[in-house]
Participant: 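Here's a structure for you.
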Amino acid sequence: MRDTMKEANQLARKFYAQLGYVVPVGFRFDTATHPQEQACWRMAELAYDHIEGTELSEALAEQEEEEEL
């Protein structure tokens, strides 16, 4: 599932760039606190789910469980 999260963060980065912003390499939009960054994550989530037919929120939950182990 890590590739899914990486792809979604890359998509959020592209959305954010369209707004004229740049974030450091490795920045995780799924843990962002800024409203615009959070909005880009939600847009990436919606787009990814629509295109891939997946539930990205489920993939995020699985990744968090793996990290806790």
Side-chain angles (χ1 to χ4, degrees):
M1 288 298 164
R2 289 186 185 267
D3 289 339
T4 301
M5 299 306 298
K6 183 178 179 180
E7 290 171 359
N9 270 290
Q10 289 171 344
L11 186 55
R13 180 183 305 276
K14 289 180 181 185
F15 289 145
Y16 203 51
Q18 290 299 305
L19 297 173
Y21 300 109
V22 178
V23 291
V25 173
F27 181 83
R28 290 184 53 186
F29 283 87
D30 58 301
T31 60
T33 58
H34 190 277
Q36 287 175 321
E37 295 164 353
Q38 291 174 338
C40 288
W41 173 254
R42 287 191 301 274
M43 288 187 289
E45 189 174 23
L46 289 170
Y48 200 94
D49 290 350
H50 176 75
I51 293 168
E52 295 294 323
T54 62
E55 289 294 329
L56 198 53
S57 57
E58 290 178 17
L60 179 58
E62 288 178 18
Q63 177 181 335
E64 289 172 350
E65 287 176 10
E66 290 175 4
E67 289 174 355
E68 290 176 0
L69 298 177

Participant: For Ala17, what residues pass the side-chain contact (heavy atoms from CB on, under 4.5 Å) criterion, not counting sequence neighbours?
Facilitator: none
Participant: In chain order, what residues pass the side-chain hydrogen bond (donor to acceptor under 3.5 Å, both in side chains) check against Asn9, with sequence neighbours excluded?
Facilitator: Asp30
Participant: Are Phe15 and Tyr48 linked, directly or through intermediate hydrophobic residues, by side-chain heavy-atom contacts shorter than 4.5 Å (ILVMFWY only)?
Facilitator: no
Participant: Measure the CD-CZ distance between Glu37 and Arg13 for me, rounded to the nearest 0.5 Å.
Facilitator: 10.5 Å
Participant: Does a side chain donor of either Gln36 or Tyr16 reach within less than 3.5 Å of an acceptor in the other side chain?
Facilitator: no
Participant: Cut-off 3.5 Å, no hydrogens considered: what does the side-chain donor-acceptor table look like for residues 18-27, sequence neighbours left out?
Facilitator:
none

Participant: Might you point out which heavy atoms bring Ala12 and Ala44 nearest each other, and give the distance in Å?
Facilitator: N-CB, 3.6 Å
Participant: Do Phe29 and Met5 sit in one hydrophobic cluster, given that two such residues count as connected whenever their side-chain heavy atoms are within less than 4.5 Å of each other, even indirectly?
Facilitator: yes
Participant: If you group Ile, Leu, Val, Met, Phe, Trp and Tyr by side-chain heavy-atom gaps below 4.5 Å, do Leu11 and Met43 land in one group?
Facilitator: yes
